Amino acid sequence: MWVGKPTIAVAAIIYLSAMYPAIGAYPALGAIALLWAAALVNLRSVQTAGNFQIVTLVIKLVPLLVVIVIAGGVLATGSGEIAPFEPEDISVSGLSGAAALTFWALLDFETASVAAKKVHNPQINVPKATMWGTVLTGLIYMIVCTAIAMMLPQEITSTSPAPFATFVERYWSAGPAALIGFFAIVSCIGALNGWVLVQGDLPRCMAIKGEFPRWFAATDAHGTPRSALVVSSIIGSAVLLLNSSRSTQGLFEYLLLLATSAALLGYLAVALAA
């Protein structure tokens, strides 16, 4: 999570830089600012972070629904065409790249269980959040990403910094496409907020069990693990600063692979323990 959070923050900067190119000149600093903004929301209270998460979730659904409607309309009227499938030889590098991106999308789908102590009726709501959240998210993104991959030429998709916006611009207009970039930023910030919540609660839970220093377990009057949130945000900022010499895209790709690799070790340990 200490590496995954900065990755999402950089993703937000990528979309922001498409709207304001000057921001892309210092991607690490911009990502650090977003990281601490999310930390401040969580430092206020868990309820504030939860309410913020609901708002960003509703907003982020808008562009996904827009893409689905556009794709359905284009296919129904026959005004667009499906890009032909061009098979390529299977390669180790191709498989590893696809596996890394797929695994990145599924990282921490189990995190609803981390904050179980702060959820009403956790025995019922945590399994529901985990299973229904995974199924619905997978279904929506499978439809949306398939539409973009099949209805945009590969040379356009592979070079686009914001494929959602590119899709909407191609099949609708530039104005709505610019708004899609805004929604994508909100989506990244919402995901960042959720991970910041977990990055505070997981060390707190581990500290209670004696697996982390005891002071990580300290909470304020609202039950917010301030120490864990602040230390985790400092570590995330350090990760970004140590890689600040990379380009925006290079920074995102490096952190994505680093977070995925680190998570693989964790999942392997859990599987062996089970």
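Small disclaimer: the values here were computed from a predicted structure and weren't measured.
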### Task
Please confirm whether the backbone N or O of E169 pairs with a side-chain atom of S173, one donor and one acceptor, at under 3.5 Å?
no
### Message
With a 3.5 Å distance limit and no angle check, can you tell me whether S17 reaches the backbone of I14 through a side-chain donor-acceptor pair?
### Response
yes
### Query
Going by heavy atoms in the side chains, are I13 and L16 under 4.5 Å from each other?
yes
### Query
Can you find a pair of side-chain heavy atoms, one from T159 and one from E155, that are under 4.5 Å apart?
no
### Pairs involving residues 255-274, ordered by first then second residue, that meet side-chain hydrogen bond (donor to acceptor under 3.5 Å, both in side chains) (sequence neighbours left out)
E110-Y267
### Query
What residues form a side chain to side chain donor-acceptor pair (under 3.5 Å) with D220, not counting sequence neighbours?
R226
### Query
Hey, are the side chains of V66 and F164 touching, using non-hydrogen atoms and a 4.5 Å cut-off?
no
### Query
With a cut-off of 6.0 Å (strictly less than), are more than 12 heavy atoms of other residues, nucleotides or ligands near CD1 of I90?
no
### Query
About how many Å separate SG of C188 and CG of L34, when rounded to the nearest 0.5 Å?
9.0 Å
### Message
Quick one, L40 and R44 - any side-chain contact, counting heavy atoms below 4.5 Å?
### Response
no
#### Entry: Side chains of I180 and F167 in contact at under 4.5 Å (non-hydrogen atoms)
no
### Task
Would you please name every residue forming a side chain to side chain donor-acceptor pair (under 3.5 Å) with T137, sequence neighbours left out?
none
### Query
Taking atom CD1 of I148 and atom OG1 of T166, what is their separation to the nearest 0.5 Å?
8.5 Å
### Check: V10 and L256 side chains under 4.5 Å, non-hydrogen atoms
no
### Query
If Ile, Leu, Val, Met, Phe, Trp and Tyr residues are connected whenever their side-chain heavy atoms lie under 4.5 Å apart, and connections chain through other members, are L29 and I8 in the same group?
yes
### Message
Around atom OH of Y26, are there more than 12 heavy atoms from other residues, nucleotides or ligands closer than 6.0 Å?
### Response
no
### Task
Please report the closest heavy-atom contact between L257 and A100, naming both atoms and the distance.
CD2-CB, 3.7 Å
Using atom types as modelled, flag every donor-acceptor pair under 3.5 Å from a side chain in residues 233-244 to any protein atom, sequence neighbours excluded.
residue : atom : partner : partner atom : Å
S233    : OG   : Q199    : NE2          : 3.3
S233    : OG   : L229    : O            : 2.9
S237    : OG   : W36     : NE1          : 2.8
S237    : OG   : S233    : O            : 2.8
N243    : OD1  : R246    : NE           : 3.2
N243    : ND2  : V239    : O            : 2.8
S244    : OG   : L241    : O            : 2.9

#### Entry: By side chain to side chain donor-acceptor pair (under 3.5 Å) - contacts of T102 (at least two apart)
none
Residues 190-197 side chain polar contacts: donor-acceptor under 3.5 Å, at least two apart:
residue : atom : partner : partner atom : Å
N193    : OD1  : N42     : ND2          : 3.0
N193    : ND2  : A49     : O            : 3.1
N193    : ND2  : Q53     : OE1          : 2.7

### Task
Check whether any side-chain heavy atom of T48 lies under 4.5 Å from a side-chain heavy atom of H222, and answer yes or no.
no
